[in-house]
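Got a structure for you, written out below as structure tokens; questions coming shortly.
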Number of protein chains: 2
Amino acid sequence: MPATIRDVAKASGVHVSTVSRAFSAPQLVNAETRAHVLAAAEVLGYRPNRAARALITGRTHNIGLIVADIANPFFPPLIKAAESHARGRDYHVFVADTNEDPGVEEELVLALAKQVDGVLLCSPRMSNTQIEQLSREVPLVVVNRPVPGLPAVVMDVAQGARLAVEHLVGLGHREIALLGGPRGSWTNREIRRAATLAARNAGAELVVLGPNAPTEESGSAQAEAVLRAGVSAVLAYNDLMAVGLIDALDHRGVKVPDQISVVGIDDTALSRRTRPMLTTVATPTAAAGRAAVDMLLQHGDDRRTTALVTLQTELVIRDSSGPGPHRTAGPGRRQQPPLDGVASESRE
Amino acid sequence: MPATIRDVAKASGVHVSTVSRAFSAPQLVNAETRAHVLAAAEVLGYRPNRAARALITGRTHNIGLIVADIANPFFPPLIKAAESHARGRDYHVFVADTNEDPGVEEELVLALAKQVDGVLLCSPRMSNTQIEQLSREVPLVVVNRPVPGLPAVVMDVAQGARLAVEHLVGLGHREIALLGGPRGSWTNREIRRAATLAARNAGAELVVLGPNAPTEESGSAQAEAVLRAGVSAVLAYNDLMAVGLIDALDHRGVKVPDQISVVGIDDTALSRRTRPMLTTVATPTAAAGRAAVDMLLQHGDDRRTTALVTLQTELVIRDSSGPGPHRTAGPGRRQQPPLDGVASESRE
DNA sequence: AGTTCTGCTGCAAACGTTTGTAGTCGCATG
DNA sequence: CATGCGACTACAAACGTTTGCAGCAGAACT
């Protein structure tokens with residue numbers, strides 16, 4: 001049986017309340033007494049039971065982290081950063097995977113609600129109203145999607161998509177395909193909007209293929225459609241799809257970037273490992289994880305705070321994008337990425 | 001304020017104990033009453049507080065999952081499988097990352113101990129005695145390492161390493177380097193032992209380079225040493241290191257597999273994405289995650305059970321391994337992998 | 001000397017559950 | 001008619017903490 005606070009009290013000849021205070025309110029207890037208590041606790045191997053503490057304080061010192069797919073390389077860096085950041089603040093993290101299923105999302109938030117002080121909801125697929133409803137059960141911070149009335153951290157993928165399109169147009173591409181992401185994804189809508197606008201402004205045509213599951217397989221599956229569309233460049237919803245597409249094109253003998261340029265989004269670890277190395281939009285996932293944890297712990301109980309943190313993205317030009325058919329005497333092959341850093345704005 | 005069992009009791013005009021039983025012991029309560037209670041609970045949005053329940057039952061319905069590095073592509077599939085399997089059995093999962101630090105490992109187990117019914121310790125770097133000591137605080141299942149007296153699930157990497165070496169020797173390689181993994185890793189010792197033996201039996205020489213951190217960077221860093229060693233083939237501790245090595249060799253203009261063959265271990269997602277695609281030893285990580293959860297939940301409280309589950313590995317031959325300098329009229333390029341499946345043995 | 005203050009500690013209630021025990025009722029049994 | 005039983009429900013203690021309140025000693029005021 002593990003030692004309880006009562007064992008420590010008995011062993012050190014004081015009342016349990018004194019033991020409790022020795023740990024959680026040191027200034028209220030005599031230094032000598034405290035030393036005694038701590039010593040007794042040490043030899044008994046006493047560790048406070050956080051669940052019992054939570055029962056009375058209302059704070060569990062746990063947080064929930066819900067992602068669409070742990071195995072999607074986009075998430076591990078975020079999970080890792082969030083977990084380590086949280087632990088640094090003495091919080092433990094439940095991690096759960098929804099398999100991209102909105103129903104599971106809701107069930108998970110509800111199931112976790114009583115056990116955590118808040119939940120980080122990453123790339124949710126539910127509707128805004130559902131999310132708002134859930135936020136009445138437990139404090140929520142949404143990642144990768146702004147929800148009116150809730151704290152959120154998002155990446156400026158619109159800027160990233162714009163940069164990517166401008167990059168492609170600058171290389172001489174006039175017909176570009178957008179490999180769309182999953183239905184219900186805010187990021188996907190954002191990319192689509194920005195890419196469409198950027199293409200129009202630059203005098204290029206954008207054809208949208210999708211929606212698609214955000215997987216490698218689904219990227220491969222769209223190869224035919226890309227070829228039929230007759231475009232010379234593709235912007236994919238994420239690196240995974242870009243990689244799948246490149247593979248499938250390769251199998252068909254289509255050269256990247258010579259015949260078709262491909263640009264991904266996320267700059268996951270694998271973008272540096274493909275041949276050709278992937279040109280992609282870097283999203284600061286680790287920073288997002290940390291920021292989300294900070295927001296959750298900051299706002300404590302006032303659930304209706306509406307801070308929105310926007311993280312900047314940048315274009316990373318590698319080898320999967322090259323000159324297109326309409327190449328003029330354009331700019332040099334390499335292009336300076338924009339300033340990086342974090343912009344944080346609060347809107348009331 | 002969330003509804004408590006007392007609110008439900010009040011609303012349905014029965015005692016709290018009846019409400020409790022309506023949920024956890026339906027056969028003890030009149031069907032009609034039960035329906036009443038459930039209805040009241042429904043409208044109040046009542047969900048039992050698992051922490052409070054845990055306080056009295058002693059079972060939290062949570063488990064801990066401790067891994068060396070979430071971002072290491074070896075782990076996400078394991079985490080995903082374990083989490084989903086556990087949730088199917090109504091368990092939630094704390095995930096934590098030790099950054100390959102044995103001290104953090106211990107601290108984490110202790111910190112989690114009171115909040116979970118057991119901990120899955122994956123690829124621990126601590127000593128066996130430390131682990132045994134910790135197992136007195138909380139039920140433990142060790143993954144990727146057998147610990148005497150504790151339940152564990154391991155992969156038969158020895159078999160994998162042997163197959164890999166035999167594969168290389170069969171291709172005509174006589175001098176092979178082993179890119180060692182991290183100090184303290186049982187898997188590493190196992191690979192080393194099996195590879196050395198297999199090389200000796202096949203009349204080849206094995207030079208061991210390491211120990212090394214199990215990262216891509218460290219694989220790259222060993223490229224010089226590999227070249228100096230004058231070997232024609234390399235077996236790496238894991239895919240990550242293999243990929244790093246291939247990259248570094250590529251930068252030096254060394255062709256893989258033409259000049260040097262490289263074989264990895266783990267068959268992570270990236271092994272199919274590198275060029276050339278990586279020959280590697282597939283380890284059933286998802287199955288390991290599920291098996292570990294099963295063992296933990298099965299054994300419940302009798303902590304000193306000593307079951308050992310061994311999962312088979314298999315060699316996946318792709319493009320990073322090719323003919324070596326001593327090629328004779330050997331077997332065909334493709335080689336049949338061994339039967340897969342799960343072997344489970346109990347040793348008392 | 002009496003009063004107030006300060007620093008410390010003990011008491012007991014509370015948090016939301018579960019569960020052993022005891023009680024009530026109706027009914028069949030002896 | 002008393003007894004026993006079965007089905008159900010209420011009571012209350014317990015789990016390991018925290019925390020408002022009260023108590024008490026001694027010091028420092030008036």
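Note on naming: letters A, B, ... go to the chains in the order of the sequence lines (proteins, then strands), and numbering restarts at 1 for each one. The figures here come from the full heavy-atom set of this structure, side chains too, leaving out hydrogens, waters and symmetry mates.
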Heavy atoms under 4.0 Å, any strand shown: does S20(B) hit a base, just sugar-phosphate, or nothing?
->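 Counting heavy atoms under 4.0 Å across all strands, the contact made by S20(B) includes a base.
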Expected output: side-chain N72(B) to main-chain F75(B) donor-acceptor under 3.5 Å =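 Not a single qualifying donor-acceptor pair exists.
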Side chains of L110(A) and E106(A): does their closest heavy-atom pair fall under 4.5 Å?
->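 A side-chain contact exists here, since the closest heavy-atom pair is under 4.5 Å.
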Strictly under 3.5 Å: I want the nitrogen or oxygen pairs between protein and nucleotides 20-23 of chain D, one per line.
none

Measure the distance from CZ on R6(B) to P on dA10(D) and round it to the nearest whole Å.
->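 Those two atoms, CZ and P, are 15 Å apart.
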Do R89(B) and E83(B) sit within salt-bridge range, that is, some charged N less than 4.0 Å from a carboxylate O?
->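 No, no charged N to carboxylate O under 4.0 Å.
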Exam field: side chain T60(B) to backbone Q115(B), donor-acceptor pair closer than 3.5 Å |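 Indeed, once roles are kept as given, a pair shorter than 3.5 Å links the two residues.
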Short side-chain to backbone donor-acceptor contact, D7(B) and T4(B), under 3.5 Å =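 Side chain of D7(B) to backbone of T4(B), a donor-acceptor pair under 3.5 Å: yes, one is there.
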For the side chain of R125(B) and the backbone of S123(B), is there at least one donor-acceptor N/O pair under 3.5 Å apart?
->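 At least one qualifying donor-acceptor pair exists.
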Within the side chain of R34(B), is there an N or O that forms a donor-acceptor pair under 3.5 Å with the backbone of A22(B)?
->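 Confirmed, R34(B) side chain pairs with A22(B) backbone.
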Nucleotides bounding contact with chain A, strand DNA chain C, heavy-atom threshold 4.0 Å |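 Result: dC8(C) to dG16(C).
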Where along residues 39-54 of chain B does a heavy atom come under 4.0 Å from DNA chain D, residue by residue in number order?
->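 Residues of residues 39-54 of chain B that come under 4.0 Å of DNA chain D do not exist, since none gets that close.
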Does H92(A) use its side chain to pair, donor to acceptor, with the backbone of R87(A) at less than 3.5 Å?
->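 Absent.
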Output the distance between atom CG (L296(A)) and atom CG (L140(A)), rounded to the nearest 0.5 Å.
->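 CG of L140(A) is found 8.5 Å from CG of L296(A).
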For DNA chain D, the residues among residues 26-37 of chain A that have a non-hydrogen atom under 4.0 Å from it |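 Within residues 26-37 of chain A, no residue comes under 4.0 Å of DNA chain D.
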Applying salt bridge (Lys or Arg N to Asp or Glu O under 4.0 Å), run through E105(A) and R145(A) and close with a yes or a no.
-> CA-CA 15 Å; E105(A) 267 172 18; R145(A) 168 152 149 196; over 6 Å; no
Could you tell me whether the side chain of R50(B) and the main chain of P48(B) form a donor-acceptor pair under 3.5 Å?
->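 Between the backbone of P48(B) and the side chain of R50(B) there is no qualifying donor-acceptor contact (under 3.5 Å).
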Counting only pairs under 3.5 Å, give me each side-chain donor-acceptor contact of residues 8-17 of chain B, with atom names and distances, residues two or more places apart or in other chains.
from	atom 1	to	atom 2	distance (Å)
S12(B)	OG	V8(B)	O	2.6
H15(B)	ND1	S17(B)	N	3.2
H15(B)	ND1	S17(B)	OG	3.0

Determine yes or no for a side-chain-to-main-chain donor-acceptor pair under 3.5 angstrom, with D97(A) supplying the side chain and I70(A) the backbone.
->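 Checking the backbone N and O of I70(A) against the side chain of D97(A), a donor-acceptor pair under 3.5 Å is found.
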Just by modelled atom types, is the N99(A) backbone N or O under 3.5 Å from a matching donor or acceptor in the D69(A) side chain?
->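 Checking the backbone N and O of N99(A) against the side chain of D69(A), no donor-acceptor pair under 3.5 Å is found.
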D117(A) side-chain N/O to R59(A) backbone N/O, donor-acceptor pair under 3.5 Å =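 No: the side chain of D117(A) does not pair with the backbone of R59(A).
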What bend angle does the helix from dA1(C)-dT30(D) to dG30(C)-dC1(D) show across its length, from five-pair end axes and to the nearest 10 degrees?
->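 Taking the rotation axis at each end, their angle is 60°.
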